[in-house]
Amino acid sequence: MSDAYTPRPEDKFSFGLWTVGNRGRDPFGDVVRDALAPAAAVAMLGEVGAWGVNLHDNDLVPIDATPSERDRIVKEFTCACERHGIVVPMATVNLFFDPVFRDGAFTANDARVRAYALQKTMRAMDLGAALGAKIFVLWGGREGAETDACRRPDEAVKRLREAVNYLCEYSIDRQYGFKVALEAKPNEPRGDIYMATTGAYLGFIATLDHPEMVGVNPEVAHEQMAGLNFLHAVAQAWEAGKLFHIDLNDQAPGRYDQDFRFGSANVKAAFWLVKFLEDVGYQGPRHFDAHAYRTEDYEGVKDFARGCMRTYLILRERAKRWNADAEIQALLSETGATELVSYTPRHRDLLLGSSFDRVGLAKRGLAYERLDQLTMDVLLGVR
Ligand code: GCO
Ligand code: MN
Ligand code: MN
C-alpha cells in the first residue's frame, strides 16, 4: 500500500552494502546475523523501496580476489542491480579494516603503506566507475593517532593533501568525472582522527590542486560525537557549494559511534536537517549510513531501512507544514529582513552618520519561545 510516506526513486534514498549487511559485531560481542551476499542486499533494498546502493571496494570484491574473480563478481552484482532497479551513486574504499592500515593509510609513516593505499584507492575508483558511480567518498578512519609521538600532525595534513591531489589527477586522467567527498569524524577507530570535523575539511579543500572536484560528506553522528550542531556544518558546506553527499543516521551525545536509524535519537535535530535539505533544494543522494540494532534478524533490518526513509518523509511533510503555517511565517517576518549590505563610500557615510536606539532594540522580545513551541506543535502532530 502506498501513501505519502512511501519512498520514490526521486527521493534518492541510498544505503551502503555495509549498512544493511552489518552483522552486529561490536568490540564486546561477535556477529549476530549471517553474512548477506551483495546480490541479496540489493534485492532487500529493492523490496524496501530504496533507490541506490553504495559500497566499499571490499564490500563487493574480497581484498585477495584475482582479476577474473573480480570481473565475475562485478558482472553478477550489475545484473542484480538491474534486476531490482537499484543504482550505484557512490563508491568508496576501505582503508581501515586490513591490519596493514593500523598506522593509517595516506598518512601512515611507512611510504610503502601510503603507496599501497593509493593503489587500492585507484582500483576502488575503477570499480566505482565501472558500476556507474559519480561520487567517490573518502573517509580517513585510520588517519589519526593514539599518541602524537608518532608524527607531527602537520605532516599528516601534507600527506593527505598529496594523496587527494594524486587521486584527483587519476580521476581526470581516466575521465571518471568523480566528485570526491571527504568525510570527517573526530575519533573511533583511532584515538583521534585528523580532520575531525566537516569545517576542518572545508578549510583543507581550499588548499588542494583541484578544489572544484572536492567537497564533503558530512555525517550526523560524526559532528554530534564532536559535540557540534550538525545542521550548521551542513549549512556551511552547502553555502560553499561543497555538499556533495550526506550520511544520515543518529546518535546520542557523548556515546560511541552508534549509527542509529535516522531520526531515532534526536527527532528535532533531524527535523531541522530535513527542512534545510528540502528548503535549499539539495539534489544529491540521501544516504543512510546506519545499521539495525544488534537485536534484529534480517526482518528487523528491513524495518530499520524502511524506518530511516519513513522518518525522512514524515519530517519532510512536517517541514512543508511549518513553511505553510501563517502564524510561524508572521512571527518570522517580524524578526527582521534578510537583505545583506555591501560596502560603498555612500553606504559607509550613511552608516557612520546613523543613530541607533540601542536600548530600545535590546528591549524588544523576539518571540523565539513562541516560534519554537509552534515548531514542537507541528513536529508532534497537533498543528
Ligand atoms: C563510520 C563511517 C563509515 C564511512 C564509510 C564510507 O563511522 O564507520 O561513517 O561508515 O561513511 O566507510 O567511507
Ligand atoms: Mn559513522
Ligand atoms: Mn559515514
Side-chain angles (χ1 to χ4, degrees), residues 13-27 41 52-60 63 88-98 101 104-106 117 120-121 123-125 127-128 131 133 135-144 160 163-164 167 178-198 201 214-226 228 230 233-234 237 243-253 255-262 264-266 273 284-292 304-305 308:
F13 290 135
S14 62
F15 291 83
L17 281 181
W18 72 93
T19 65
V20 286
N22 180 284
R23 301 180 64 191
R25 185 188 281 119
D26 71 19
V53 64
N54 304 313
L55 47 100
H56 300 88
D57 47 355
N58 305 137
D59 296 337
L60 184 61
I63 195 165
V88 181
M90 176 275 259
T92 181
V93 59
N94 187 325
L95 297 177
F96 45 88
F97 192 80
D98 194 274
F101 298 125
F106 301 143
K120 191 173 191 294
T121 306
R123 290 184 176 158
M125 290 168 95
L127 174 67
L131 295 169
I135 300 166
F136 196 87
V137 164
L138 283 174
W139 171 60
R142 296 269 172 206
E143 315 292 10
L160 205 53
V164 177
L167 295 166
F178 276 126
K179 289 166 84 178
V180 178
L182 305 175
E183 177 176 347
K185 186 176 182 179
N187 57 273
E188 212 179 307
R190 299 308 295 269
D192 290 288
I193 300 177
Y194 304 124
M195 302 294 164
T197 63
T198 297
Y201 264 138
V214 186
V216 290
N217 176 36
E219 173 171 316
V220 177
H222 297 179
E223 301 295 316
Q224 290 185 351
M225 286 169 73
L228 300 176
F230 182 64
V234 168
L243 189 64
F244 286 8
H245 198 263
I246 192 163
D247 278 4
L248 303 171
N249 57 13
D250 216 350
Q251 169 81 28
R255 305 286 165 87
Y256 65 97
D257 181 22
Q258 295 177 305
D259 288 334
F260 283 154
R261 191 178 75 254
F262 178 61
S264 60
N266 188 342
L273 175 64
R286 290 168 175 81
H287 174 235
F288 297 104
D289 188 9
H291 50 74
F304 146 81
C308 285

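Order of listing sets the numbers, starting from 1, for every ligand and every atom in it.
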Peer 1: Is ligand 1 less than 4.0 angstrom away from at least one heavy atom of His222?
Peer 2: yes

Peer 1: So is there a nitrogen or oxygen of Glu183 less than 3.5 Å from a nitrogen or oxygen in ligand 1?
Peer 2: yes

Peer 1: Angle subtended at the Mn ion (ligand 2) by NE2 of His222 and OE2 of Glu219, to 10 degrees?
Peer 2: 80°

Peer 1: Any idea which part of Asp257 is under 4.0 Å from ligand 1, heavy-atom wise: side chain, backbone, both or neither?
Peer 2: side chain

Peer 1: Only N/O/S atoms count here: what is the atom of Asp247 closest to the Mn ion (ligand 3) called?
Peer 2: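 This turns out to be OD2.
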
Peer 1: Report yes or no: does Asp289 have an N/O/S atom closer than 2.8 Å to the Mn ion (ligand 2)?
Peer 2: no

Peer 1: With a 3.5 Å distance limit and no angle check, can you tell me whether Asn249 reaches the backbone of Ala221 through a side-chain donor-acceptor pair?
Peer 2: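 The answer is yes, because a donor-acceptor pair under 3.5 Å joins these two groups.
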
Peer 1: Can you establish whether the number of heavy atoms outside Arg123 located under 6.0 Å from its atom CZ is more than 12?
Peer 2: no

Peer 1: What is the name of the N/O/S atom in Glu183 that sits closest to the Mn ion (ligand 3)?
Peer 2: OE2

Peer 1: Are Phe96 and Phe101 near enough that their ring centres are under 6.0 Å apart?
Peer 2: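 Phe96 vs Phe101: aromatic centres not under 6.0 Å.
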
Peer 1: Can you check whether Val137 reaches Asp247 side chain to side chain, under 4.5 Å on heavy atoms?
Peer 2: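 With C-beta onward as the side chain, the pair stays apart.
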
Peer 1: Is the backbone of Ala184 close enough, under 3.5 Å, to the side chain of Glu219 for a donor and an acceptor to pair up by distance?
Peer 2: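 No, Glu219 side chain to Ala184 backbone: no donor-acceptor pair under 3.5 Å.
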
Peer 1: Can you tell me which residue and heavy atom of the protein come closest to atom 10 (O) of ligand 1, and the distance to 0.1 Å?
Peer 2: Asp289 OD2, 2.7 Å

Peer 1: Is a donor from one side chain sitting under 3.5 angstrom from an acceptor on the other, for Asp250 and Ser264?
Peer 2: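 On atom types as modelled, these side chains do not qualify, holding no pair under 3.5 Å.
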
Peer 1: Is it the side chain (CB and beyond), the backbone, both or neither of Asp247 that lies under 4.0 Å from ligand 1, heavy atoms counted?
Peer 2: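 Asp247 to ligand 1: side-chain contact only, backbone stays beyond 4.0 Å.
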
